[in-house]
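To start, the structure itself, in structure tokens.
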Amino acid sequence: GAVVSQHPSWVICKSGTSVKIECRSLDFQATTMFWYRQFPKQSLMLMATSNEGSKATYEQGVEKDKFLINHASLTLSTLTVTSAHPEDSSFYICSARRDRGYEQYFGPGTRLTVT
Amino acid sequence: AQTVTQSQPEMSVQEAETVTLSCTYDTSENNYYLFWYKQPPSRQMILVIRQEAYKQQNATENRFSVNFQKAAKSFSLKISDSQLGDTAMYFCAFMKQYGNKLVFGAGTILRVKS
């Protein structure tokens with residue numbers, strides 16, 4: 001159990017467009033979801049924490065108007081990169097946590113390339 | 001604020017041998033959780049092993065074991081009988097007991113050679 005999926009796994013978009021990434025918990029309800037960004041051979045950088053039904057909490061230095069996060073249900077959180085630019089190209093990973101418990105379950109990640 | 005330090009950017013080991021990855025952390029908390037995650041070339045994060053700070057006994061999962069030294073704030077991972085499939089980036093991570101966030105170290109790239 002505790003499977004998290006992400007869609008799409010890879011997306012290419014043109015500069016100036018917006019792209020949405022979905023994160024779903026497939027077999028459990030996730031009251032909290034997390035979005036990370038990872039550059040090649042580097043660690044995961046937490047971007048924001050989202051709780052179902054409330055606004056996301058963004059980490060310092062993360063532009064909330066650029067990275068829109070919506071946690072609309074107990075199984076779905078979305079990250080929308082608005083007006084994407086080449087510097088937004090990265091690997092985005094989500095994770096989800098059950099209501100009771102501390103472990104985070106990770107999705108397989110989404111590779112975003114902005115041309 | 002908590003910090004996690006992995007001082008070995010890259011390591012290599014021969015197949016079937018044993019390797020130890022180092023991790024130290026800094027915190028003023030007394031109760032917390034520590035984790036080792038594996039990220040293979042597929043980039044899927046996989047939990048390898050976890051340790052609750054209130055437990056004195058070191059955690060073990062098959063070929064993976066930890067050496068948890070609370071006073072020294074050290075949490076090393078030992079991989080026995082290394083296999084080619086162990087080749088991955090390994091991250092040490094910290095979480096406060098009632099916290100939300102995982103704090104990751106910079107990672108160690110482990111290459112298992114045949």
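Convention: sequence-line order gives letters A, B, ...; per-chain numbering from 1.
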More than 12 foreign heavy atoms under 6.0 Å from [atom1] of [X]: is that the case here?
{"X": "Glu87(A)", "atom1": "CD", "answer": "yes"}
{"X": "His7(A)", "atom1": "NE2", "answer": "no"}
{"X": "Asn62(B)", "atom1": "CG", "answer": "no"}
{"X": "Lys55(A)", "atom1": "NZ", "answer": "no"}

Side chain to side chain contact (heavy atoms under 4.5 Å, CB included) assessment of Gln38(A) paired with Arg43(B): CA-CA 10 Å; Gln38(A) 185 183 33; Arg43(B) 303 190 79 171; 3.4 Å; yes
Side chain from CB out, backbone as N, CA, C, O: work out which of these in [X] comes under 4.5 Å of a heavy atom of chain B, or both, or neither.
{"X": "Leu44(A)", "value": "both"}
{"X": "Gln42(A)", "value": "backbone"}
{"X": "Tyr36(A)", "value": "side chain"}
{"X": "Glu59(A)", "value": "side chain"}
{"X": "Arg97(A)", "value": "side chain"}
{"X": "Phe34(A)", "value": "side chain"}

Tell me whether [Y] is reachable from [X] by hopping between hydrophobic residues (I, L, V, M, F, W, Y) whose side-chain heavy atoms are closer than 4.5 Å.
{"X": "Met45(A)", "Y": "Leu112(A)", "value": "yes"}
{"X": "Tyr102(A)", "Y": "Val4(B)", "value": "no"}
{"X": "Tyr33(B)", "Y": "Trp36(B)", "value": "no"}
{"X": "Leu47(B)", "Y": "Leu21(B)", "value": "no"}
{"X": "Tyr90(B)", "Y": "Val19(B)", "value": "yes"}

Donor-acceptor contact present, side-chain Gln104(A) to main-chain Asn100(B), <3.5 Å: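 Checked: pair present.
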Any donor-acceptor pair under 3.5 Å from Ser43(A) side chain to Gly107(B) backbone: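 No: the side chain of Ser43(A) does not pair with the backbone of Gly107(B).
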Where does [X] contact chain A at under 4.5 Å (heavy atoms): side chain, backbone, both or neither?
{"X": "Leu102(B)", "value": "both"}
{"X": "Tyr98(B)", "value": "neither"}
{"X": "Gln6(B)", "value": "neither"}
{"X": "Ile46(B)", "value": "neither"}
{"X": "Phe104(B)", "value": "both"}
{"X": "Glu10(B)", "value": "neither"}

Aromatic plane relationship, Tyr37(B) with Phe106(A) - under 30° parallel, 30 to 60° tilted, over 60° perpendicular: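 Perpendicular, since the angle between the ring planes exceeds 60°.
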Of all pairs that satisfy salt bridge (Lys or Arg N to Asp or Glu O under 4.0 Å), the ones with a partner from residues 77-98 of chain B, not counting sequence neighbours: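 Of all non-adjacent pairs touching residues 77-98 of chain B, those that pass salt bridge (Lys or Arg N to Asp or Glu O under 4.0 Å) are Arg63(B)-Asp86(B).
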Chain A contacts, top residue of Met95(B), Lys101(B), Met89(B) (heavy-atom pairs, under 4.5 Å):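 Maximum pair count with chain A is reached by Lys101(B).
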